[in-house]
Amino acid sequence: MNAAALWQRYQDWLYYHDGLEVYLDISRMRFDDRFVEQMQPQFEQAFQDMADLEGGAIANPDEQRMVGHYWLRDSDLAPSEDLKQDIIQTIQDIERFTRTIHLGEIRPPQAEKFTDILSIGIGGSALGPQFVSQALAPDAPPMAIHFFDNTDPAGFDRVLSRLGDRLRSTLVLVISKSGGTPETRNGMLEVQNAYQKQGLDFSRHAVAITGRGSGLDKLATSQGWLTTFPMHDWVGGRTSELSAVGLLPAALQGIDIQAMLSGAKEMDVATRAATLKGNPAALLALAWYWAGNGKGEKDMVVLPYKDSLLLFSRYLQQLVMESLGKEKDLDGNVAHQGIAVYGNKGTTDQHAYVQQLREGVPNFFLTFIEVLHDRADHQPSIEVEPGVTSGDYLSGLLQGTRTAIYDNDRDSITVTIPDVTPRHVGALIALYERAVGLYGFLVNVNAYHQPGVEAGKKAAAVILELQHKVVEVLKQENSPIAIAALAAKAGAPDDAEAIYKIVRHLAANDRGITLHGNARQPGRLTVSL
Ligand SMILES: O=P(O)(O)OC[C@H]1O[C@H](O)[C@H](O)[C@@H](O)[C@@H]1O
């Protein structure tokens, strides 16, 4: 296609949202009109399915749940008055609680005010708050946020040591929809222990965000925590940023949550349109389908050219991959669906792996996220060369990369927003939530469950059970025992490798276990307690 034809294609396919001033350009995806025509009936069905979902249908059949994250920003859409009031009430409670914390009306027993937030959660209970904090937290926030998002003891120690004495003025948010995620439980127990060691009353610092009636909910009530905010069963973890999960940490950091909600609501209106060209989420889904042949054959590389959007790709990784990465389709047929997502930010990544994108294996499509205003405060920039600013470089390098990869037969999408504001971050979240939902309908998968995650959790539980058995066996032994014999005595003769790794880990952590022999020959090691 020559330059004039490409320019025309750009204009033909450009989507622009007047109110939000958001552009979506899919002109550099090489689909043709025939493809669009072919997809039309599938889109009509997907629009209908999406309308049913918003109307309260059981859109997550495995878990027999409604899927209602769209109601969070427009409670009038909630399928019952009770749900509507619940949504309104929760937002009011978040705002009221935030005010009382900021004013010091609710204060820690041993400090004037809460100064810091420690957010404990994982997956959907961490990624949204992390992304939003990086994107939107003011330079001098009323409270600084820290995260536990793993069960890594060294990670816990690092955060706790950075907090140091400020633990006494830290508000701890324990976030878990199920209220039973081990990593989050472990983080909570570790931090409780840290409070105890400093002679502080953890319950006067703790807030739970969790499903009503969950184990965490009960614990918070029984221990008299400051308060609890609900996580509704009709909101999935990866679409929970605009529920209490994301709104409470954001509000506490001084981020305008009403603007986030209204940006998402505006985008929801746009992505509800039942016409392909008038619906930016449908255009994204169309482009993804084209790129990967409806089977995820190409990876989605997400490159925001803005430091504050660094965590967007990480956030999208869960939203897209946990939603779409499914073994079976909704009819029970093996489908192995999904789209792999990765990326960090431009131009930084141009000096890392863009070499491969330009010239190497063509197994991806790019999504550029462009921000029109160079500086958040819209202040003028100095010239780094005559007539050129550093922002001109950022913009030029984005355009240059887009052209260079296109010229080498690599496709790209460009999303352009005017600024990284709460309203636009809300809109971006809503845009991708809807695109994932529509794409899920197009490829006929349940985008709202995650059965595959359970397998890893079950396997981990088996290892911990094996650890108990191994330690019991070792307690009975008077002399060092070979790994194979240990496995047999533990009733797990086929698990020698797992047992070797268990005892090696216990030995490394001074848990009373000693390994004898040559580390190069694990099969010949003996173990004693
Ligand atoms: O919020 P929680 O119940 O603790 O869940 C946290 C995360 O854990 C899981 O294993 C799921 O795969 C995620 O979708 C979820 O966001």
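We count ligands from 1, going down the list as the structure has it; atoms in each ligand are counted the same way.
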Asker: Report yes or no: do Q85 and Q89 form a side-chain donor-acceptor pair below 3.5 Å?
Answerer: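 Q89 and Q85 do not have a side-chain donor-acceptor pair below 3.5 Å.
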Asker: With heavy-atom distances below 4.0 Å as the criterion, list the atoms of ligand 1 near Q450.
Answerer: 12 (O)
Asker: Pull out every atom of ligand 1 sitting under 4.0 Å from any heavy atom of S176, numbered as shown with elements.
Answerer: 1 (O), 2 (P), 3 (O), 4 (O)
Asker: Could you label the plane-to-plane angle of the H232 and W234 rings as parallel, tilted or perpendicular, counting under 30° as parallel and over 60° as perpendicular?
Answerer: parallel
Asker: Would you please classify the geometry between the Y448 ring and the H69 ring as parallel, tilted or perpendicular, with 30° and 60° separating the classes?
Answerer: tilted
Asker: Please state whether Q318 comes within less than 4.0 angstrom of ligand 1, counting heavy atoms only.
Answerer: yes
Asker: Quick check on E454 - does any of its heavy atoms sit under 4.0 Å from an atom of ligand 1?
Answerer: no
Asker: Give a yes or no on whether the ring-centroid distance for F365 and W290 is below 6.0 angstrom.
Answerer: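 When the ring centroids of F365 and W290 are compared, they turn out to be at least 6.0 Å apart.
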Asker: What orientation do F97 and F229 show, parallel under 30°, tilted 30 to 60°, or perpendicular over 60°?
Answerer: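 The arrangement is perpendicular - the two ring planes meet at more than 60°.
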Asker: Among I120, T181, I122, which one puts a heavy atom closest to atom 4 (O) of ligand 1?
Answerer: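 Heavy atom nearest to atom 4 (O) of ligand 1 belongs to T181.
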Asker: Determine the minimum heavy-atom distance between T210 and S176, stating which atoms define it.
Answerer: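 That would be OG1-O, 2.6 Å.
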Asker: Considering only heavy atoms of V453, which atoms of ligand 1 have at least one such atom less than 4.0 Å away?
Answerer: 10 (O), 12 (O)
Asker: List the closest protein heavy-atom neighbour of atom 10 (O) of ligand 1: residue, atom name, distance to the nearest 0.1 Å.
Answerer: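 Result: K457 NZ, 3.0 Å.
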Asker: So, is T184 polar-close to ligand 1, with some N/O to N/O distance under 3.5 Å?
Answerer: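 Between T184 and ligand 1 (N or O atoms, distance only) the closest approach is not under 3.5 Å.
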Asker: Using heavy atoms and a threshold below 4.0 Å, how should the contact between M231 and ligand 1 be classified: side chain, backbone, both, or neither?
Answerer: neither
Asker: Give me the atom names and distance for the closest heavy-atom approach of I257 to A251.
Answerer: CG2-N, 3.7 Å
Asker: Of the protein's non-hydrogen atoms, which lies at the shortest distance from atom 15 (C) of ligand 1, and what is that distance?
Answerer: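 Among all protein heavy atoms, the one nearest atom 15 (C) of ligand 1 is G124 N, 4.0 Å.
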Asker: Is ligand 1 under 4.0 Å from a heavy atom in the side chain of K177, in the backbone, in both, or in neither?
Answerer: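 Both of them.
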Asker: Can you classify the ring geometry of H205 versus Y195 as parallel (below 30°), tilted (30 to 60°) or perpendicular (above 60°)?
Answerer: tilted
Asker: Does E322 reach ligand 1 with a nitrogen or oxygen that is under 3.5 Å from one of the ligand's nitrogen or oxygen atoms?
Answerer: yes
